[in-house]
Amino acid sequence: MSQPIRLTVNGTDLERSDLDDAERLLDTLRWRLGLKGTKEGCRTGDCGACTVLVDGESTLSCLTLTREVEGTRITTIEGVRGEPAGPNVLTAFGAEPALQCGYCTPGFVMALTGLLQEEGSTHRTSNLVDELEGNLCRCTGYRSIIRAIGALGDELR
């Protein structure tokens with residue numbers, strides 16, 4: 001164990017001294033903080049299931065050491081309603097329904113929320129779909145997810 005680390009997770013300030021320097025953010029969130037909405041899919045950054053926001057930007061938590069994000073503001077799916085674009089993304093996914101089994105859904109919601117906040121309403125729907133190529137879904141065939149993105153695109157116009 002090493003020096004304490006300070007983070008703000010879903011609006012709560014935390015200080016942890018029980019973290020190993022090599023601990024991944026994914027493991028800190030799921031196993032130390034009990035935030036199970038952030039999923040572990042591949043551990044290689046290829047599926048997007050572990051996407052969270054770090055200071056508002058989409059980040060793959062399986063490729064990020066917790067120590068690297070010390071002092072930042074982290075948002076997981078459990079806190080996404082507190083992000084400016086979060087409620088709209090959740091509503092669009094629920095209306096389509098783009099949820100299916102739900103395993104990939106948190107990653108898609110977080111990545112899309114991050115994209116909308118990073119670039120505002122300048123995105124076209126086709127750009128959003130292209131930007132989400134790194135998020136994989138194994139059960140929907142993507143049609144409902146694309147419809148949800150389309151609904152968001154209509155709302156942004």
Side-chain angles (χ1 to χ4, degrees), residues 7-14 24-30 33-157:
L7 305 166
T8 301
V9 180
N10 297 331
T12 301
D13 292 332
L14 303 170
R24 296 173 312 142
L25 181 58
L26 172 65
D27 295 326
T28 300
L29 295 171
R30 284 186 62 81
L33 302 179
L35 298 169
K36 301 291 176 120
T38 303
K39 306 297 186 205
E40 180 176 343
C42 65
R43 284 189 172 255
T44 59
D46 292 322
C47 74
C50 69
T51 304
V52 297
L53 302 182
V54 176
D55 287 338
E57 294 187 21
S58 299
T59 302
L60 298 172
S61 64
C62 76
L63 297 180
T64 304
L65 298 178
T66 305
R67 183 111 356 235
E68 292 176 320
V69 294
E70 181 169 14
T72 62
R73 181 178 61 90
I74 297 163
T75 305
T76 68
I77 191 70
E78 290 88 350
V80 75
R81 287 196 182 279
E83 292 290 322
N88 292 340
V89 174
L90 288 171
T91 298
F93 267 66
E96 279 314 317
L99 306 170
Q100 300 297 306
C101 82
Y103 199 85
C104 70
T105 305
F108 271 101
V109 168
M110 298 310 295
L112 190 52
T113 299
L115 282 170
L116 292 173
Q117 291 176 180
E118 288 167 25
E119 303 197 22
S121 60
T122 59
H123 268 297
R124 292 183 16 201
T125 300
S126 59
N127 292 353
L128 289 172
V129 171
D130 291 344
E131 298 259 359
L132 292 172
E133 279 182 352
N135 287 73
L136 302 178
C137 176
R138 291 171 173 86
C139 67
T140 69
Y142 298 98
R143 294 202 189 284
S144 58
I145 293 169
I146 292 169
R147 285 194 308 269
I149 293 168
L152 280 167
D154 292 342
E155 185 177 307
L156 295 172
R157 286 189 199 107

| task | Determine the minimum heavy-atom distance between Cys137 and Tyr142, stating which atoms define it. | result | N-OH, 2.9 Å

| query | Does Val52 offer a backbone N or O that forms a donor-acceptor pair with the side chain of Thr76 under 3.5 Å? | reply | no

| Taking atom CD1 of Ile77 and atom CG of Leu90, what is their separation to the nearest 0.5 Å? | 5.5 Å

| Nearest-0.5 Å distance, OG1 of residue Thr59 to CG of residue Leu26 | 12.5 Å

| Gap between atom CZ of Arg24 and atom SG of Cys62 - 0.5 Å precision | 6.0 Å

| Closest approach of Cys42 to Asp46 (non-hydrogen atoms, all atoms of both residues) | SG-N, 3.2 Å

| said: Is it the case that the side chain of Asp55 and the backbone of Arg73 share a donor-acceptor pair, with hydrogens and angles ignored and the cut-off at 3.5 Å? | reply: yes

| request: For the residue pair Glu83 and Thr113, confirm or rule out a side-chain donor-acceptor distance under 3.5 Å. | output: no

| Closest approach of Ala111 and Leu132, non-hydrogen atoms and distance? | CB-CD2, 3.5 Å

| said: Quick check for you: to the nearest 0.5 Å, what is the distance between Thr75 atom OG1 and Glu57 atom CD? | reply: 12.0 Å

| said: Can you tell me how far apart NZ (Lys39) and SG (Cys47) are? Round to the nearest 0.5 Å. | reply: 12.0 Å

| request: Show your working on side chain to side chain contact (heavy atoms under 4.5 Å, CB included) between Val9 and Leu35 and close with a plain yes or no. | output: CA-CA 10 Å; Val9 180; Leu35 298 169; 3.6 Å; yes

| note | Nearest heavy-atom approach of Ala49 to Gly41 is CB-N, 4.3 Å

| query | Is there side-chain contact between Val89 and Val80, with at least one heavy-atom pair below 4.5 Å? | reply | no

| said: Determine whether a donor-acceptor pair (N or O, by modelled atom type, separation under 3.5 Å) exists between the side chain of Arg30 and the backbone of Thr38. | reply: yes

| Taking atom OG of Ser58 and atom CG of Leu115, what is their separation to the nearest 0.5 Å? | 5.0 Å

| message | By the definition side chain to side chain contact (heavy atoms under 4.5 Å, CB included), identify the one residue from Leu25, Thr66, Asn10 that meets it with Ile74. | response | Leu25

| task | Mark yes or no for whether Gln117, through its side chain, and Ala85, through its backbone, hold a donor-acceptor pair below 3.5 Å. | result | yes

| note | Closest heavy-atom pair, Asn135 versus Gly48, reported as atoms and distance to 0.1 Å, is ND2-O, 3.3 Å

| Phe93 versus Ile145: any side-chain heavy-atom pair under 4.5 Å? | yes

